[in-house]
Amino acid sequence: MSDATNIDGKASAANLRAEISRKVALVKEKHGLTPGLSVILVGEDPASEVYVRNKGKATVEAGMNSNTYTMAENATHDEVMAKVEELNADPAVHGILVQLPLPEQVNEDAIINAIHPAKDVDGFHTLNVGRLNSGQDAMVPCTPVGCMVMLKEVVGDLTGKRAIVVGRSNIVGKPMAALLLKEHCTVTIAHSRTQDLAAECRRADIVIAAVGRPRMVKGNWIKPGATVIDVGINRIEDTSTKSGSRLVGDVDFNEAVKVAGAITPVPGGVGPMTIACLLKNTLTAACRQVQVPEPD
Ligand code: NDP
C-alpha cells in the first residue's frame, strides 16, 4: 500500500487567506468597511506571544485592522474586564480575542462570556456554543472550522462516515464533534477515561486527534484508508536540531502515514488553517455587525 496523501494545511490556508483578502478589499471598496480584530494578551507566555504576533501579522496581511493589547501578568480581573468592555463598545472593533490561558487571578469563563457574542471570533462564548450545538448560525471556534475545511477538501461529502474525536476540550474536541455531527457523521468522542481507545479509533473513517500527547495515536490504531487530522502541537527534545527541540503532533506520523488514506502533517497541517479561519470569522463578524452582505 502506498503512503497516505499529505493534507497540505499551508496550501489550503494560503488559498483561504487569498480569498479573504479579496473579500476584504471588496467590502472596503463597496461599503467603506475595514474589519478590525483586537487581541488581548495577559502576561508573557512565550508561546502565546508567538501566536498573538502571528495572528496580528496575518490580520494586517489580509487588509484588516489589527490591535494587540498586552497587559501585565499581574493585571487584575477587573482590568481585563474593563478592556473587554471598552472593545465591546468600539464600533471599529469587529472581533475580540482573549488569548488563553489567562493568569489564575482572572476568571476565564467570566471574561469569555463578557465578550459581545457578535464579536466573539473565537466562538467560545456560551451563546455561540449553544447556537452551534442547536444547529443555529454561530461563531465557531477556528481550529475545528479549519479541520472541517481540510476534511471536506479531501473527503468531500462526509455523510454517514464514522468519525472519532480524541479529546473533549471546549476549544477543539467538543466543537469539532458538533461540526462533524452537523455534516451527518456518526461521531464518537473519546477522552482520558475511554476504554480501549485503539479499538475505538480502528472503527473510524475519520480520526481527529486533539489530545496534547506526543505521538500517542499509533499506526495500528488507524483503519486502512482513513483520513487523519492531527491537531496536536507538542514540543519534544531533539538534539539533532539547532534549537534542540521540534514539534510533533498527537499522531505517530511515521507509522500512520503508512496506513491512512490521507493525513495532516505537524507542523504545516491544522496550525496554519486555524489562523486563516480566524480571519474568516473576523470578516464574517464585521459584515454582520455593519449589516452588509459577505462577498461570495
Ligand atoms: P486539552 O488539554 O484542553 O484537552 C485534551 C483532551 O485530551 C482532554 O479531553 C483529555 O481528556 C484528552 N486526553 C488526555 N490524555 C488522553 C489519553 N491518554 N487518552 C485519551 N484522551 C486523552 O487540550 P486542547 O484541546 O486545548 O488541545 C489539544 C492539542 O491540540 C494540544 O496539543 C494543543 O497544543 C493543540 N492545539 C492546536 C491548535 C492548532 O491551531 N493546531 C489549536 C488548539 C490546540 P479528559 O477530558 O478526560 O481530561
Side-chain angles (χ1 to χ4, degrees), residues 7-14 16-17 39 45-59 97-102 108-109 112 121-124 129 140-151 163-180 187-204 207-218 220-222 228-236 245-253 263-281:
I7 305 174
D8 189 346
K10 266 194 200 159
S12 297
L16 187 53
R17 284 171 64 171
V39 178
D45 174 58
S48 293
E49 282 175 349
V50 172
Y51 290 141
V52 168
R53 207 166 34 243
N54 290 343
K55 287 169 187 172
K57 203 167 147 244
T59 309
L97 184 157
V98 178
Q99 184 66 37
L100 303 179
L102 289 168
E108 208 163 277
D109 286 344
I112 287 170
V121 284
D122 255 342
F124 297 159
V129 175
V140 182
C142 307
T143 300
V145 173
C147 294
M148 197 46 105
V149 171
M150 289 190 289
L151 264 180
I164 185 164
V165 183
V166 190
R168 56 175 165 179
S169 72
N170 292 334
I171 294 174
V172 188
K174 285 183 196 143
M176 187 72 234
L179 288 179
L180 289 162
V187 185
T188 300
I189 306 175
H191 45 77
S192 65
R193 321 283 170 88
T194 296
Q195 290 185 15
D196 203 351
L197 180 57
E200 295 290 346
C201 287
R202 261 180 231 123
R203 271 194 285 275
V207 177
I208 313 280
V211 188
R213 298 195 182 272
R215 297 182 289 209
M216 188 189 85
V217 176
K218 301 300 173 198
N220 63 5
W221 296 17
I222 306 294
V228 179
I229 305 283
D230 189 352
V231 181
I233 302 177
N234 309 289
R235 189 163 285 284
I236 60 159
S245 69
R246 72 187 163 98
L247 295 179
V248 296
D250 290 341
V251 177
D252 190 321
F253 183 89
I263 184 167
T264 56
V266 176
V270 175
M273 281 304 281
T274 296
I275 292 194
C277 291
L278 173 65
L279 305 178
K280 186 172 181 277
N281 277 357

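Because the structure is predicted, anything quoted here is derived from the model rather than measured. Count residues from 1 along the sequence. Every number for a ligand or one of its atoms is a count from 1 in the order of the listing. Atoms considered below: every heavy atom in the structure, side chains included; atoms not considered: hydrogens, waters and symmetry mates.
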Nearest-neighbour protein heavy atom for [atom], which is reported as residue plus atom name and distance:
| atom | result |
| --- | --- |
| atom 20 (C) of ligand 1 | H191 O, 3.1 Å |
| atom 31 (C) of ligand 1 | G212 CA, 3.6 Å |
| atom 37 (C) of ligand 1 | V231 O, 3.1 Å |
| atom 27 (O) of ligand 1 | V172 CG2, 4.4 Å |
| atom 8 (C) of ligand 1 | R168 N, 3.9 Å |
| atom 17 (C) of ligand 1 | M216 SD, 3.7 Å |

What is the distance from atom OG1 of T194 to atom CD1 of I164, rounded to the nearest 0.5 Å?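 Going from OG1 on T194 over to CD1 on I164, the span is 7.0 Å.
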
In this structure, CZ of R53 is separated from OG of S48 (nearest 0.5 Å) by 11.5 Å

Is the backbone of [Y] close enough, under 3.5 Å, to the side chain of [X] for a donor and an acceptor to pair up by distance?
| X | Y | value |
| --- | --- | --- |
| D250 | R215 | no |
| N234 | G249 | yes |
| R246 | R235 | no |
| S12 | M150 | no |
| N281 | V121 | yes |

Could you work out, for [atom], the closest of [options] by heavy-atom distance?
| atom | options | answer |
| --- | --- | --- |
| atom 14 (C) of ligand 1 | L197, T143, V211 | V211 |
| atom 23 (O) of ligand 1 | P272, A209, S169, S192 | S169 |
| atom 15 (N) of ligand 1 | R213, E200, R193 | R213 |

What are the atoms of ligand 1, with element, lying closer than 4.0 Å to any heavy atom of [X]?
| X | answer |
| --- | --- |
| G167 | 6 (C), 7 (O), 9 (O) |
| T274 | 39 (C), 40 (O) |
| N234 | 32 (O) |

A side-chain contact here means heavy atoms from C-beta on lying under 4.5 Å apart; do V231 and I208 qualify?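 V231 vs I208: side chains touch.
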
Can you tell me if NZ on K280 sees more than 12 non-hydrogen neighbours from other groups inside 6.0 Å?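 Not buried by this count: 12 neighbours or fewer within 6.0 Å.
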
Counting heavy atoms not belonging to K218, are there more than 12 under 6.0 Å from its NZ? yes

[X]: heavy atom below 4.0 Å from ligand 1, yes or no?
| X | value |
| --- | --- |
| A210 | yes |
| T194 | no |
| A190 | no |

Could you tell me whether I233 and ligand 1 have an N or O pair separated by under 3.5 Å? yes

